[in-house]
Amino acid sequence: MTSAAERAPGPVTADDVDLAVRLSVAALRDAPDGGWDAPAGTLSWTCWQTAEHLADDLFAYALQLGPRAPSLTTIVPASWHRVTPDGPASTIFVDRGEGGAGLLQALEACGALLTSMVRTTSPGLRSHHVFGAADPAGFGAMGVVETLVHTHDIASGLGIPFEPPGDLCARTLHRLFPDAPADAEPWPALLWSTGRAALPGRERRTSWRWYGEPRG
């Protein structure tokens with residue numbers, strides 16, 4: 001079996017961010033509007049809340065790459081709030097009257113913002129993240145992780161299939177998860193690394209993090 005590390009041909013790029021978001025939107029496009037209030041997999045959030053959270057993640061990562069001299073210790077001070085006490089704190093919320101089509105349009109738009117910032121920002125830039133000050137490729141990889149695993153959460157809640165390409169997962173693992181198991185296929189390894197699944201001989205993680213700092 002080829003390891004995740006051996007399958008990583010290079011850095012995460014803006015094209016990878018774009019691909020992850022396109023895969024997400026394509027997978028969720030046929031979701032029934034009545035299904036968005038179902039729990040998102042094992043999360044405590046609904047599928048709708050999780051999709052808003054995903055759009056907000058992509059927006060927030062793009063925001064971190066915007067200043068000419070980003071802070072290495074604090075986030076860009078956008079205002080976050082909760083619509084419901086048990087929902088995620090976000091900047092991005094979508095009018096429920098727009099239904100799933102509007103929700104996915106917002107997700108696609110926020111993904112395009114991050115894709116553009118990763119593509120155009122100097123590779124030498126560094127900006128704050130709680131898991132380590134990252135470069136544009138690092139924020140792109142974070143966006144890919146958020147997109148793939150939260151689409152998995154939503155798809156699980158909606159009862160629809162979702163399995164992204166192994167090479168996309170492998171590049172993301174290589175960039176953010178140096179402790180990813182080398183004897184597992186990339187997609188299961190990513191789900192294990194983010195606390196969403198067990199692997200043979202490895203129990204499901206109850207806590208996890210990635211490492212955003214550039215290495216090597």
Side-chain angles (χ1 to χ4, degrees), residues 12-63 65 80 82-84 86-119 139-173 176 185-197:
V12 175
T13 67
D15 287 342
D16 289 325
V17 180
D18 178 64
L19 174 59
V21 174
R22 284 192 288 111
L23 291 170
S24 176
V25 171
L28 302 178
R29 182 172 288 126
D30 294 329
D33 275 346
W36 287 103
D37 288 321
T42 59
L43 302 183
S44 60
W45 301 333
T46 67
C47 292
W48 184 280
Q49 290 171 327
T50 303
E52 283 184 330
H53 168 76
L54 171 54
D56 190 78
D57 282 335
L58 299 172
F59 172 79
Y61 295 155
L63 211 62
L65 295 173
W80 292 1
R82 300 180 193 275
V83 170
T84 60
D86 58 346
S90 296
T91 302
I92 301 297
F93 295 95
V94 179
D95 183 351
R96 286 300 300 256
E98 296 296 324
L103 181 62
L104 295 181
Q105 186 179 45
L107 172 59
E108 190 174 27
C110 290
L113 291 175
L114 180 58
T115 297
S116 297
M117 293 306 298
V118 173
R119 196 183 306 282
F139 279 103
M142 295 178 208
V144 172
V145 170
E146 299 281 8
T147 301
L148 298 185
V149 301
H150 283 314
T151 301
H152 164 80
D153 297 331
I154 297 166
S156 297
L158 294 171
I160 58 178
F162 178 70
E163 183 171 351
D167 58 345
L168 176 62
C169 300
R171 285 192 292 277
T172 308
L173 285 167
L176 294 179
E185 291 295 316
W187 178 226
L190 183 58
L191 292 176
W192 179 85
S193 296
T194 56
R196 283 165 169 81

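Residue indices begin at 1 and follow the sequence shown.
Using a 4.5 Å heavy-atom cutoff, the side chains of L148 and W187 are in contact. Side-chain contact check for L54 versus D153: every heavy-atom pair is 4.5 Å or farther apart. D57 is not listed as a side-chain neighbour of T147, based on a closest heavy-atom distance of 4.5 Å or more. Between L43 and H150 the shortest side-chain heavy-atom distance falls below 4.5 Å. In this structure the side chain of D86 never reaches within 4.5 angstrom of the side chain of S44, judged on heavy atoms. Under the 4.5 Å side-chain criterion, counting only non-hydrogen atoms from C-beta, T151 is not in contact with L23.
For the side chain to side chain donor-acceptor pair (under 3.5 Å) with R119, the lone residue among D15, D18, T13 that qualifies is D15.
Between the OG1 atom of T50 and the CH2 atom of W36 there is a distance of 9.5 Å, given to the nearest 0.5 Å. Rounded to the nearest 0.5 Å, atoms OG1 (T194) and CD (E146) are 9.5 Å apart. To the nearest 0.5 angstrom, L173 atom CG is 5.0 Å from L190 atom CG. Considering CG of L65 and OG of S116, their distance stands at 11.0 Å, rounded to 0.5 Å.
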Test side-chain contact (heavy atoms from CB on, under 4.5 Å) applied to T84 and Q49, step by step: CA-CA 10 Å; T84 60; Q49 290 171 327; 3.1 Å; yes
- Message: Quick one, L107 with L58, criterion side-chain contact (heavy atoms from CB on, under 4.5 Å). Give me CA distance, side-chain angles, the key distance, then yes/no.
- Response: CA-CA 8 Å; L107 172 59; L58 299 172; 3.7 Å; yes
Determine whether L113 and F59 satisfy the following criterion, side-chain contact (heavy atoms from CB on, under 4.5 Å), listing intermediate values before the conclusion. CA-CA 7 Å; L113 291 175; F59 172 79; 3.9 Å; yes
**Message:** Working note: T172 + D16, criterion side-chain contact (heavy atoms from CB on, under 4.5 Å); need CA distance, chi angles, decisive distance, verdict.
**Reply:** CA-CA 9 Å; T172 308; D16 289 325; over 6 Å; no
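Inspection of the H53 and D56 side chains reveals no N or O donor paired with an N or O acceptor under 3.5 Å.
Remark: side-chain polar atoms of R171 are not paired, donor with acceptor, to backbone N or O of V12 under 3.5 angstrom. The closest donor-acceptor contact from the side chain of S24 to the backbone of A20 lies at 3.5 Å or more, if one exists at all.
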